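None of these values were measured; they are calculated from a predicted model.
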Amino acid sequence: MYQTRPWQKVLRYFTIIIVSIMFFFPTYWMITMSFKPKGEWNSAAGTIYWVPQNPTLDNYKTVLTEYRGQFFRANQSSALPSIRSSIVVSIGGTLFALLIGTLAAYGISRHSTDTGDLPWYIAVGRLGLLVLVMLPFIVLWARLGILATWYGILTFTIIGIVADQIIGRVLGKYYKGAVGSLSFSILQLRMFPPMAILIPVMIMWSTFRLIDTWYGLVIVYGVVTFPFVVWLMKSFFDDIPKELDEAAVVDGSSNWRAFFKVVLPLAKGGLASTALFVFILNWSDFLVALLLTSRNWGTIPVFLNKLVSSEIGAQHGPKAALGLLAVIPPVVFGLLIQQYLVRGLTFGAIKK
Amino acid sequence: MAASTPITTKATPGSANRRLRWIDMNNTRTFATTLTLPAQLVLLLIMIFPLLAVVYISMTSWSPTQGGDWTQAYKFWDWGRNYVEVFTDPFFWQALGRTFLIVGIAVPLEFLLGLGLAFLFLEDFRGKRIFYALMLIPMMIVPAVAGYMFWMMFQSNGPINAVISAIIGQPFTLAWLSSEAPATVAVIIAEVWQWTPLMFLIMASGLVGLPEDQMRAATMLGASGWQKFRYLMLPMLKPIIIIALVIRGMEAVKIFDSIFLMTAGGPARATESLSIYMYKVAFQQVRWSFAAAAAMTVLVIMTIIASYALRPLQAPQREAQAAMRQAAETGAAGSD
Amino acid sequence: MASIKLDKLRKQFKEVLAVEGLNLDIEDGMFVAFLGPSGCGKTTTMNMIAGLEQPTSGDLYFDGKRMNDVPAGKRGVGFVFQNYAIFTHMTVYENVGFGLKVRGCPEVEMKREVGKIAELLELTPMLDWNAGKLSINDMQKVALGRSMITNPGIFLLDEPFSNLDASFRAYMRGELKRIQREIKQTMIYVTHDQVEAMSMADRIAVMYCGQLYQWGSPDDVYNRPVNAFVARFIGSPNMNFIECAYEVENGQGFLQQRKGGLRVPVDAKRRRLLEDRTGPNNLILGIRPEHMKVYQQPEPNALWQGTAYALEPLGPLTIAHTEVGGDRVQVKASGGYRTRPGDPQWVALDLEYIHIFDGETKLVIR
Amino acid sequence: METQKSAKKITRRDFLRAAGIAGVGVVAAGCAQQAPAPAAPTAAPATAAPAAATAVPAVVSTKPGLAAGMIGGPTGFEGAERYQYGPDSPAGRAIEALKQLPADKKPEKLIVMHPEGAVGHWSVAFPEGAPTPAQIFEEETGIKLDIVGVSENDQFTKIIQDTTTKAGQWDVYSFWGNNRGTLAESGAFFVLDDFVAQHRPEWDKAYAGGQTTVESYAKYNGKYVCVSFDGDYQSWNFRRDLFEDATEQKNFKAKYGWDLQWPETFEQLDQISEFFMRPDQNLLGCTDIRNSIWGLTNWIQRYASAANPFQGYFDPKTGKPLINSPAGIRATQEYSDTMAFKSKDAVSWGWPEQYANFTAGGAAVTCAFPNMPKFLDNAGNADSKVVGKIRTGLAPGRIVDGKLIRRTLWWPNITLAVSTQTKYPEASYLWMQWANSPSMFTFMVGNPAGYYDPFQNSDFKDPVVVASYHDYHVPTMIASIEHSVPPLNLNGASEYETALDTNVQAVIAGKKTAEQAMADCEAEWEKITDRIGREKQVAAIAAQMAAFSTVVDEPKIKS
């Protein structure tokens with residue numbers, strides 16, 4: 001493995017080039033598509049345009065300009081507001097997820113026996129009990145007509161939290177072992193398809209007037225992606241010797257100081273790559289943005305949908321153009337943290 | 001650190017440990033609670049109401065088209081008939097099975113490709129950085145756009161068939177997206193294309209992180225390339241392989257955008273994944289109470305899977321506990 | 001058990017020449033130390049012997065057989081790495097037995113072999129432990145045992161003791177010597193610690209900047225260094241060097257100190273050598289601290305007068321730093337020797353043991 | 001070679017010119033004769049058009065440029081008087097009523113959801129010198145218009161979101177007409193009956209096809225709930241150059257025994273499709289689409305024409321599905337069999353592929369929206385290889401009891417309704433009545449900046465509209481409207497459609513027989529009906545019957 005013969009070298013080069021071409025081709029297709037005029041978008045007429053015959057910037061004009069011309073175009077508005085929106089909410093959501101996620105990860109890694117090890121019947125059972133206890137309340141709230149008011153939701157949530165805690169304690173008496181696990185529930189949350197839960201979230205958001213605001217989206221993005229942060233950051237923290245922060249604490253610094261001044265700087269590579277991941281996840285989300293925005297804060301994927309019209313079909317060229325523009329922020333982010341990427345992504349799992 | 005701690009340990013191992021632990025106990029509980037509190041709170045504050053609202057709706061036959069407000073759903077209370085419907089709906093189980101099929105093929109494929117590529121990129125060669133960057137681009141492309149590109153490329157007179165035709169030397173005009181098996185293959189290819197870079201990145205950094213001397217030691221002991229891979233690399237990479245597979249698996253079961261744009265779950269229902277199914281039920285057919293029941297069913301299924309998926313992740317913790325026991329033994333042996 | 005022959009072995013990494021035309025004959029069963037500062041090419045040489053690196057040119061023979069094209073694992077070479085390269089995810093047993101396992105050795109035999117090695121290295125109680133959690137001292141032993149199990153003819157050790165604490169290091173030095181005696185393998189030992197090399201090796205190869213400076217027994221390299229570098233590298237504290245010129249006065253040959261006016265007479269043999277040589281009269285006088293004596297009063301044989309500069313009491317002996325005629329020298333004195341900086345001192349030299357080096361080439365004049 | 005080169009040059013120059021004008025090449029110069037150059041983004045207001053103003057004698061009017069007796073409408077360009085309205089017209093009544101609304105019922109601004117691609121009708125001035133409709137409305141009523149573009153695909157979700165959360169983000173919703181029943185039952189739409197009675201929009205007079213069209217376009221379950229802004233009936237296009245080619249005619253006659261011409265029945269159409277199916281020459285027989293959901297447009301045409309006067313979806317008395325019948329099985333079988341005359345990818349081909357293929361001259365016959373001749377038979381469309389080669393025809397049908405039944409499908413696109421969440425339902429309705437009035441709608445349909453298609457009588461008389469849609473196409477369009485049937489726009493339409501679609505797709509994929517598919521679909525439909533509530537559905541089905549065309553023709557072609 002550390003000695004290569006010439007034929008191996010040639011073979012490797014060959015393989016790399018072939019694989020790279022295969023992997024790059026869709027990207028190439030997107031790039032060239034963004035410069036093709038409409039007549040060359042489609043292969044339905046029987047001709048494949050491998051390179052644009054008449055390269056044009058029209059597709060970019062189409063997505064970036066407010067259209068007031070006299071000819072029908074699928075989108076009349078410019079994508080710029082959606083780009084701004086995407087940047088704001090993706091960065092905001094990423095920061096929020098990093099904030100709560102990193103703290104929780106550190107807590108779980110250092111100060112908790114929480115291994116995420118929870119038998120499924122306990123997890124389901126606990127949820128089931130909570131449902132049993134809370135269903136009468138929700139029906140009562142509905143009958144009282146306060147289910148969709150902010151005070152109704154708030155009181156209901158508080159009762160729910162209390163009930164959840166009591167159920168946890170009671171279960172703990174009869175079952176030896178963990179009955180609740182933060183790291184488990186957040187992973188569970190992450191695996192849950194967002195479709196269905198989004199409907200009540202939408203209702204709740206509307207009640208709290210968070211629909212179509214950037215902060216409303218930021219909170220949801222944060223909640224949806226912070227499980228990632230917890231799992232990734234936990235493995236990074238696990239890799240940093242516990243003695244380090246303990247030594248700092250023995251030397252007289254506070255727990256917080258030890259975390260921020262000693263541990264976090266050591267984990268910054270991991271933090272950077274986690275941030276990139278979470279950013280990409282937020283950046284490419286479509287459904288949450290669709291359901292929680294209306295007029296002002298639609299993101300790029302939501303705008304992409306405007307590039308389809310039943311009359312003239314999907315605007316492949318503009319879509320590719322906007323797609324290409326949308327690649328820029330993650331790539332820039334990736335370049336900024338490039339130095340951390342390769343090392344950081346081992347998730348600290350390899351012990352030296 | 002290297003200077004201070006070992007000395008302390010060495011001087012009075014027992015007492016120092018006890019002292020550290022004592023400090024831990026003293027203020028760490030509050031500290032630990034403070035650390036996890038935001039996450040706990042956010043989780044409960046934001047999830048409790050929607051979760052129970054989903055359960056509430058699922059116990060009724062209400063949907064927006066029944067008229068009336070969702071809060072009034074109790075008027076349509078039907079004791080969870082929706083759950084019976086979910087359990088007897090073949091499309092639900094088909095979608096579930098199909099999702100696991102796609103995940104079960106795509107994720108291991110991504111992993112193997114990623115690992116293979118990582119090996120290819122282990123040594124330096126001319127233009128490595130450029131190829132590296134090329135390999136990483138797919139995961140940065142918005143899935144919605146990627147889905148479109150694949151849709152176009154998989155047309156029967158599209159570029160992919162053109163390339164295949166050129167290779168086999170005769171016209172190849174498979175209509176990929178028009179029948180079940182090829183459409184599934186196409187969906188998997190798109191998924192693999194988009195996410196192999198992530199696996200590649202993870203595996204590449206894993207390989208770079210492998211201790212070189214251990215590899216050389218194995219070489220010196222006469223291990224073949226395969227033996228090194230089997231006995232050294234694989235066990236050493238195991239933790240990140242597991243994390244990578246779990247993370248990818250978690251995301252892949254939600255596969256939506258690419259399928260939605262390439263086939264919209266079609267032809268017929270041939271590529272309908274769980275998310276596509278849920279989307280159709282919730283946002284095309286607006287059967288919200290049924291969608292809610294399906295969602296709760298999925299939640300339970302996913303909970304069961306999560307509890308097993310997490311097992312391998314706890315291996316390090318178990319190892320750490322074993323190490324602590326071992327350290328205790330050593331300590332005891334030393335004091336004898 | 002094998003003899004090793006290096007023939008004009010050369011290794012070049014892009015711009016850097018790591019090893020330059022190395023010729024070396026190592027006899028069967030010999031314990032050899034490669035000694036030199038880091039970056040001197042000793043590890044590269046060892047890697048080439050092991051097969052981990054291909055020489056750029058030159059040949060390598062074991063028992064007269066050319067080994068250049070034999071892959072690393074097939075040369076019958078055991079290798080202990082500086083950081084031990086323990087397989088941390090395996091138990092001690094699996095580590096030690098690895099070499100047999102990859103050879104497809106049956107479990108029963110493996111158990112027996114591992115048991116033997118463990119006995120030899122006193123590892124038996126730890127066999128089931130996780131190797132990653134061992135103390136550094138035990139790891140060292142596991143690394144040794146792991147390389148020994150395949151019974152290699154040649155045994156290479158790359159600074160194996162550099163991570164150990166001082167007392168265990170001394171213990172292991174003895175152990176290694178014992179093991180080598182018992183298994184009688186050819187052993188090559190890379191170190192930058194001259195004490196280790198002196199105390200253990202039959203032969204020492206002193207290397208610097210990819211070149212072999214000297215190849216000889218510990219006695220040779222200590223008493224008969226070929227150049228100023230070897231002279232300085234061997235021995236602790238280092239040899240003192242004083243820049244001199246050769247002068248003749250009244251039929252008597254002297255080395256005249258450049259900075260001060262001190263003189264050292266030279267005997268007839270050395271005088272002949274010095275007079276025969278051509279080139280600039282630019283010499284270096286080298287003398288080890290142990291070959292000097294220091295006094296607080298004038299003594300008849302104390303040729304030099306100087307000033308006390310500093311004192312290093314080491315218990316059994318004291319190192320006296322003394323300034324003589326502008327040069328500082330270190331002298332070994334008895335353990336109880338005490339003085340204060342600035343005090344006058346008188347230094348005597350054992351003229352038998354002086355070394356004279358060419359000031360330009362740094363080669364010894366002998 | 002030389003000529004080719006120069007031809008290419010010109011194409012390129014043309015292309016660059018088109019590119020300078022608009023982002024979308026195909027649509028470029030859709031109305032080249034009328035609008036040679038684009039207007040500045042902010043068009044001059046009506047008052048600042050002295051040339052036009054002097055051309056029309058000033059009579060009693062509130063603003064200059066109006067013709068005699070007119071109280072409002074666009075001004076400032078030649079022919080503006082065609083679009084002006086008097087006080088006793090639908091538009092005039094709406095404006096007057098709006099002016100008289102009490103302050104608490106008169107909004108400052110109306111927020112209107114609109115498909116993104118159609119916003120241009122409101123924001124772009126056309127023709128040159130004209131004010132935009134939004135400007136006219138604000139000037140005449142003092143109410144601002146905010147026409148917000150939303151992706152067509154997301155409109156439904158947004159409406160459900162707005163209604164469920166009671167957010168009230170919109171005064172007027174826009175949606176695909178098929179979702180009408182579902183959204184109406186969800187309580188999203190304000191019932192307009194009172195307003196209609198009070199303000200008399202006279203849609204029956206305005207719409208081609210009269211009362212049937214009104215039933216189809218504006219009502220659900222017998223109540224007025226919405227207003228259509230788009231005439232999206234299916235119409236058929238064929239290649240004149242192929243149909244009129246003497247050799248082709250000779251060969252065709254020899255093979256099938258009747259003269260090559262636009263067919264009356266599907267059997268004839270399928271023979272023509274077979275005749276022209278020449279994939280080796282890059283020519284497909286017939287490319288009416290077969291993709292998911294949209295392909296149903298063609299299934300329904302084959303299905304609805306199977307009985308005299310029409311084959312409905314459900315029994316209006318019991319709500320039982322009628323698809324598991326010879327009519328349904330036959331339509332399904334043909335739907336699958338005719339795949340032979342299409343691209344192999346037909347099940348994944350949507351409109352863009354079909355349009356692109358036809359643009360390149362890749363098919364002999366196709367079925368599309370009425371705008372196909374406008375886009376493709378257009379000298380300004382540099383990509384089009386079929387300029388001057390298109391003719392259109394009414395959908396083929398079937399001969400039942402000696403009568404020819406031809407049914408086209410009205411698959412409505414842009415439909416607007418007043419939100420139940422708005423604070424200003426009456427103002428919202430009045431705006432819709434004004435915008436949908438013959439004068440204003442025809443004015444807007446002529447504007448190429450959006451994709452409203454004509455369906456009102458006045459549209460087909462308007463020279464601008466006729467010029468861009470072509471005079472040969474006008475009779476087809478009118479006939480298509482008169483022969484149209486509504487889609488499955490009941491409550492649960494999407495479920496019914498999905499069930500039907502997956503079943504017919506399964507037949508195409510060879511997984512089911514047509515009989516099996518229809519039986520399965522019937523069972524699924526029954527389940528859906530039962531779940532939604534049969535009684536309610538039956539009422540809606542019965543009401544929908546009035547929307548089916550009952551026009552019956554005599555067969556002429558002997559084949």
**Q** Please tell me if the side chains of W256(A) and L35(B) come closer than 4.5 Å, counting only heavy atoms from C-beta onward.
**A**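 Side chain of W256(A) against side chain of L35(B), heavy atoms only: contact under 4.5 Å found.
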**Q** Identify which part of Y279(B) has an atom lying under 4.5 Å from any heavy atom of chain A, answering side chain, backbone, both or neither.
**A** both
**Q** Taking the side chain as C-beta and beyond, is there a heavy-atom pair between Q165(A) and L44(B) under 4.5 Å?
**A** yes
**Q** For the interface with chain A, which of Y56(B), W193(B), W151(B) has the highest count of heavy-atom pairs at distances below 4.5 Å?
**A**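 Sorted descending by pairs with chain A, the first entry is W193(B).
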**Q** Could you have a look at Y121(A), W50(A), F156(A) and say which one has the most heavy-atom pairs with chain B under 4.5 angstrom?
**A**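 Highest number of pairs under 4.5 Å: W50(A).
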**Q** Is the closest side-chain heavy-atom distance between L51(B) and L127(A) below 4.5 Å?
**A**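 A side-chain contact exists here, since the closest heavy-atom pair is under 4.5 Å.
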**Q** Looking only at heavy atoms, which two atoms of T71(B) and A148(A) are closest? And how far apart?
**A**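 Closest approach of T71(B) to A148(A), heavy atoms only: CG2-CB, 3.7 Å.
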**Q** Could you have a look at D285(A), I161(A), I219(A) and say which one has the most heavy-atom pairs with chain B under 4.5 angstrom?
**A**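 Max contact count across the listed options: I161(A).
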**Q** For V19(A) and F131(B), what are the C-alpha separation, side-chain angles and deciding distance, and is it a side chain to side chain contact (heavy atoms under 4.5 Å, CB included)?
**A** CA-CA 10 Å; V19(A) 171; F131(B) 284 114; over 6 Å; no
**Q** Quick check for you: to the nearest 0.5 Å, what is the distance between I159(A) atom CD1 and L52(B) atom CG?
**A** 11.5 Å
**Q** To the nearest 0.5 angstrom, please state how far the CD1 atom of I100(A) sits from the CD atom of Q40(B).
**A** 11.0 Å
**Q** Between chain B and each of F333(A), F286(A), F137(A), F228(A), count heavy-atom pairs under 4.5 Å; write down the option with the most.
**A** F228(A)
**Q** Which distance, rounded to the nearest 0.5 Å, do you find between the CG of L201(B) and the OG of S273(A)?
**A**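 So the CG of L201(B) and the OG of S273(A) are separated by 8.0 Å.
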**Q** Count the heavy-atom pairs under 4.5 Å between each of L135(A), V331(A), I203(A), L99(A) and chain B, then report the option with the highest count.
**A**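 Of the options given, most contacts go to I203(A).
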**Q** If I measure from the heavy atoms of chain B, does A320(A) come under 4.5 Å with its side chain, its backbone, both, or neither?
**A**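 For A320(A), heavy atoms of backbone and side chain both lie under 4.5 Å from chain B.
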**Q** Between I328(A) and chain B, which part of the residue has a heavy atom less than 4.5 Å away: side chain, backbone, both or neither?
**A** neither
**Q** Quick one: what part of L281(A) sits under 4.5 Å from any heavy atom of chain B, side chain, backbone, both or neither?
**A** side chain
**Q** Where does L335(A) contact chain B at under 4.5 Å (heavy atoms): side chain, backbone, both or neither?
**A** neither
**Q** Let's test your reading of the structure: which of A53(B), G116(B), A39(B), S58(B) forms the most heavy-atom pairs below 4.5 Å with chain A?
**A** A39(B)
**Q** Quick one: of I46(B), V298(B), V253(B), who has the most non-hydrogen atom pairs under 4.5 Å with chain A?
**A**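 Counting heavy-atom pairs under 4.5 Å, the top option is I46(B).
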**Q** Which atom names give the shortest non-hydrogen contact between L120(B) and T15(A), and what distance separates them?
**A** CD1-CG2, 3.8 Å
**Q** Who among I301(B), L41(B), L43(B) has the most heavy-atom pairs with chain A under 4.5 Å?
**A**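 The candidate making the most pairs under 4.5 Å is L43(B).
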**Q** Search all heavy atoms of P38(B) against all heavy atoms of L103(A) and return the closest pair with its distance.
**A** CG-CD1, 4.3 Å
**Q** Does I199(A) reach the side chain of F283(B), with side-chain heavy atoms less than 4.5 Å apart?
**A**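 Heavy-atom side-chain distance check passes, below 4.5 Å.
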**Q** With a 4.5 angstrom heavy-atom cut-off, could you sort out which part of M47(B) is near chain A: side chain, backbone, both or neither?
**A** side chain
**Q** Answer with side chain, backbone, both or neither: which region of D164(A) has an atom nearer than 4.5 Å to a non-hydrogen atom of chain B?
**A** side chain
**Q** To the nearest 0.5 Å, tell me how far I48(A) CD1 sits from N161(B) CG.
**A** 8.0 Å
**Q** Heavy-atom distance under 4.5 Å to chain B: side chain of P301(A), backbone, both or neither?
**A** side chain
**Q** Let me know if Y74(B) has heavy atoms under 4.5 Å from chain A in its side chain, its backbone, both or neither.
**A**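 Interface part for Y74(B): side chain.
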**Q** List the steps and the verdict of side chain to side chain contact (heavy atoms under 4.5 Å, CB included) for F96(A) and V42(B).
**A** CA-CA 11 Å; F96(A) 185 52; V42(B) 163; 4.2 Å; yes
**Q** Roughly how far apart are I48(B) CD1 and I158(A) CD1, rounded to 0.5 Å?
**A**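 The distance works out to 10.5 Å.
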**Q** Of the non-hydrogen atoms in P200(A) and V54(B), which two are nearest, and what is the gap between them?
**A** CG-CG2, 3.4 Å
**Q** In terms of heavy-atom pairs under 4.5 Å with chain B, which of R143(A), M134(A), M33(A), M202(A) leads?
**A**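 Among R143(A), M134(A), M33(A), M202(A), the one with the most close pairs to chain B is R143(A).
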**Q** Give the minimum heavy-atom separation between W41(A) and M152(B), together with the two atoms involved.
**A** O-CE, 3.7 Å
**Q** Tell me whether W120(A) contacts the main-chain N or O of I305(B) through its side chain, where contact means a donor paired with an acceptor under 3.5 Å.
**A** no
**Q** What pairs with V145(B) under side chain to side chain contact (heavy atoms under 4.5 Å, CB included), at least two apart in sequence or on another chain?
**A** M30(A), L304(A), I141(B), V142(B), M149(B)
**Q** Identify the two heavy atoms, one from V131(A) and one from V55(B), that lie closest to each other, and give their separation to 0.1 Å.
**A** CG1-CG1, 3.4 Å
**Q** Find the distance between CZ (F24(A)) and CD1 (I137(B)) and round it off to the nearest 0.5 Å.
**A**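 Between F24(A) CZ and I137(B) CD1, I get 5.5 Å after rounding to 0.5 Å.
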**Q** Between L134(B) and Y28(A), is a side chain to side chain contact (heavy atoms under 4.5 Å, CB included) present by the stated rule, with each step listed?
**A** CA-CA 10 Å; L134(B) 285 188; Y28(A) 167 83; over 6 Å; no
**Q** Only one of I153(A), L154(A), V201(A) passes side chain to side chain contact (heavy atoms under 4.5 Å, CB included) with F49(B); say which it is.
**A**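 Of I153(A), L154(A), V201(A), side chain to side chain contact (heavy atoms under 4.5 Å, CB included) with F49(B) is met by I153(A) alone.
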**Q** Test side chain to side chain contact (heavy atoms under 4.5 Å, CB included) on F150(B) and W29(A); report intermediate values, then the result.
**A** CA-CA 9 Å; F150(B) 273 96; W29(A) 197 249; over 6 Å; no
**Q** Counting only non-hydrogen atoms closer than 4.5 Å, does F226(A) touch chain B with its backbone (N, CA, C, O), its side chain (CB onward), both, or neither?
**A** side chain
**Q** Quick one: of A133(B), A162(B), S275(B), who has the most non-hydrogen atom pairs under 4.5 Å with chain A?
**A** S275(B)
**Q** Answer yes or no: is there a side-chain heavy-atom contact under 4.5 Å between M153(B) and F25(A)?
**A**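 They are in contact (side-chain heavy atoms under 4.5 Å apart), so the answer is yes.
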**Q** Taking every heavy-atom pair that is under 4.5 Å apart, which of M302(B), M59(B), E251(B), M135(B) has the most such pairs with chain A?
**A**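 It is E251(B).
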**Q** Report which part of I280(A) has an atom under 4.5 Å of a heavy atom belonging to chain B: side chain, backbone, both, or neither.
**A** side chain
